[in-house]
Amino acid sequence: MTFSVLKCPNCGEEFSINRNKYTCDRCGDILDVYHHDMEYSTIAMKGVWKYKNMIHPEIPNSKIITRGEGDTNIYRSQRISEYAGIKNIHLKHEGENPTGSFKDRGMTVAVSEAARLEFNKTLCASTGNTSAAAASYSALAGMDSYVMIPGKNISSNKLFQAVSYGANIVDIEGDFDTAMADVKQALEKTRDFYVLNSLNPWRIEGQKTIIYEIMEKLKPDFISFPAGNLGNTSAFGKALMDLKSLGKIDYVPRLVAIQAEGASPFYEYMHGNKNSITPVRAETIASAIRIGNPVNYKKARRSIEFSNGIVERISDDEIMSAKRVIDRSGIGCEPASAAALAGVLKLRNSGVIDSGDTVASILTGHLLKDVSFMPEYKTLEVSDIF
Ligand code: F0G
């Protein structure tokens, strides 16, 4: 029988899943969810929960809070292939999830766990998408959500979502990193809130399903995605470890984590000789990944090392140029998501990725998440067209 524990990736200490604390009592590292005797089997549910046996085998179905997230489409486009110089480039669109970003995959699992543990208040810090997802799933579960956001620094559309879903908004003077520090501080004082940031390892379990879905459909050589707080980077390596150890894949694709130049502490960490990450003051046009002190950097390092992965960084201009191509292809995405393609182009130009390679790029958020970048357009008269 599979059963789950919280396990320290550093010292191996195991804790019950019934406690509301996600750091190791012994060494302080952020815990993993670990499933003893995990088996690869899918069940007759849609999307994320199809993989229940690999993400939360023990939760009763009656506790699951779901909006049918996951099972997103994978697109190909000639325009994008030509731009990247890669014939087999596939874009998995996580913007198609119920609140418009990949966060829903982690949120369905974390909020279900909050329901299992009988919490009635949730808390998160966010650059926008986490707060939208947290607010929606908490409301669905009948819980009060509290979101800490740098109000001046997030897209008004994402704030619109959180407010509409009824979240209590805490407007933080500062940036995402200030808000995240406030959440951690709140945790020192009270355990009344269920924290929904990706330091909660159940979020990571849900986000693993992006990789399960990709590996069911494609045999990519590289999987690229934008990297901010490094929840996805952590989740994707863990998913590949699952699939490899269960014999579902016979090779490991290389993970490609892309950071914005102005918010690239993980790039510095992985390319330097440091034991811990050096926080930076983050600045980039891609507000979703404007993060200077990512909490999951140790788990993310494990993912990159396991997959012989790559950490690259790109400029805001490169992000916006890739975004224009994705938008004009008819697929569309928010700025941060376009980093996944911009990074591939950079690695193609430097020869790391070859034109014959198969690449899966993950578009993390929907085009409408951030409409502050209206492209130039001209209007026509009716008489101009007929
Ligand atoms: N792309 C989008 C659209 C995001 O919203 C985020 C993170 C990322 C990429 C980076 O993913 O943190 O797993 O490395 N958004 C956060 C938020 C942190 O609060 O919504 P990551």
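First listed ligand is number 1; within each ligand, the first listed atom is number 1.
- Scanning all heavy atoms of the two residues, the minimum distance from Asp242 to Met38 falls at OD1-CE, 3.4 Å.
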Let me check something: any side-chain donor-acceptor pairs from residues 170-180 under 3.5 Å, sequence neighbours excluded? List them with distances.
unit_1	atom_1	unit_2	atom_2	d
Asp171	OD1	Gly151	N	2.8
Glu173	OE1	Lys152	NZ	3.2
Asp175	OD1	Asp177	N	3.3
Asp175	OD1	Thr178	N	3.1
Asp175	OD1	Thr178	OG1	2.7
Asp177	OD1	Gly292	N	3.3
Asp177	OD1	Asn293	N	2.9
Asp177	OD2	Gly292	N	2.7
Thr178	OG1	Asp175	N	3.0
Thr178	OG1	Asp175	O	3.3

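- With ligand atoms numbered from 1 in the order given, ligand 1 contributes 13 (O), 14 (O), 21 (P) to contacts under 4.0 Å with heavy atoms of Gly231.
- Counting heavy atoms closer than 4.0 Å to ligand 1, residue Asn296 contributes nothing at all.
- Using a 4.0 Å cut-off between charged nitrogen and carboxylate oxygen, Glu205 and Lys208 count as a salt-bridge pair.
- In this structure, Glu82 does not pair ionically with Lys87, as no charged nitrogen and carboxylate oxygen lie closer than 4.0 Å.
- Every atom of ligand 1 is numbered from 1 in the order shown, and the set under 4.0 Å from a heavy atom of Ser126 is 17 (C), 19 (O), 20 (O).
- When heavy-atom distances to ligand 1 are checked against a 4.0 Å cut-off, Phe225 has no atom that comes that close, whether in backbone or side chain.
- At most 12 heavy atoms of other shown residues, nucleotides or ligands fall within 6.0 angstrom of atom CD in Glu39.
- Atom 4 (C) of ligand 1 has its closest protein heavy atom at Ala288 CB, 3.5 Å.
- The shortest separation from a heavy atom of Ile291 to ligand 1 is under 4.0 Å, placing the residue in contact.
- The shortest contact between atom 13 (O) of ligand 1 and any protein heavy atom is with Asn232 N, 2.8 Å.
- Within the structure, ligand 1 has Leu230 among the residues with a heavy atom less than 4.0 angstrom away.
- Counting atoms of ligand 1 from 1 in the listed order, those under 4.0 Å from a heavy atom of Asn229 are 12 (O), 14 (O), 21 (P).
- The closest approach between Glu94 and ligand 1 stays at or above 4.0 Å for every heavy atom of the residue.
- Of the polar atoms of Ser131, none of the N or O atoms is found under 3.5 Å from an N or O of ligand 1, judged by distance alone.
- Here the protein heavy atom with the shortest distance to atom 1 (N) of ligand 1 is Thr364 OG1, 2.7 Å.
- Residue Asn129 approaches ligand 1 through these ligand atoms, each under 4.0 Å from one of its heavy atoms: 2 (C), 3 (C), 4 (C), 5 (O), 20 (O).
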Quiz item: Would Asn18 and Arg116 count as a side-chain hydrogen bond (donor to acceptor under 3.5 Å, both in side chains) if you check the C-alpha gap in whole Å, the side-chain angles of each, and the deciding distance to 0.1 Å?
Solution: CA-CA 9 Å; Asn18 291 331; Arg116 191 185 73 84; 2.9 Å; yes

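- With ligand atoms numbered from 1 in the order given, ligand 1 contributes 14 (O) to contacts under 4.0 Å with heavy atoms of Ala227.
- Heavy atoms of Ser198 come nearer than 4.0 angstrom to ligand 1 in no pair at all.
- Heavy atoms from other residues, nucleotides or ligands lying under 6.0 Å from CZ of Arg328 number 12 at most.
- Protein heavy atom at the shortest distance from atom 11 (O) of ligand 1 is Phe102 CZ, 3.6 Å.
- Taking 4.0 Å as the cut-off between side-chain N and carboxylate O, Glu268 and Arg313 count as a salt-bridged pair.
- Residue Lys103 has at least one nitrogen or oxygen atom sitting less than 3.5 Å from a nitrogen or oxygen atom of ligand 1, judged on distance alone.
- The pair Lys298-Asp29 meets the salt-bridge criterion, with a side-chain N (NZ, NE, NH1 or NH2) lying under 4.0 Å from an Asp/Glu carboxylate O.
- Only the side chain of Glu334 comes within 4.0 Å of ligand 1, judged by heavy-atom distances.
- Atom 8 (C) of ligand 1 has Ile289 CG2, 3.6 Å as its closest protein atom, hydrogens excluded (heavy atom only).
- For ligand 1, the atoms closer than 4.0 angstrom to any heavy atom of Thr130 are 16 (C), 17 (C), 19 (O), 20 (O).
- Taking a cutoff of 4.0 Å between a charged side-chain nitrogen and a carboxylate oxygen, Lys7 and Glu13 do not qualify as a salt bridge.
- Judged by distance alone, the side chains of Thr284 and Asp316 do bring a donor and an acceptor atom under 3.5 Å apart.
- Within the 4.0 Å heavy-atom shell around ligand 1 one does not find Ser101.
- With respect to Arg79 and Asp327, no salt bridge is recorded, no charged nitrogen being found less than 4.0 Å from a carboxylate O.
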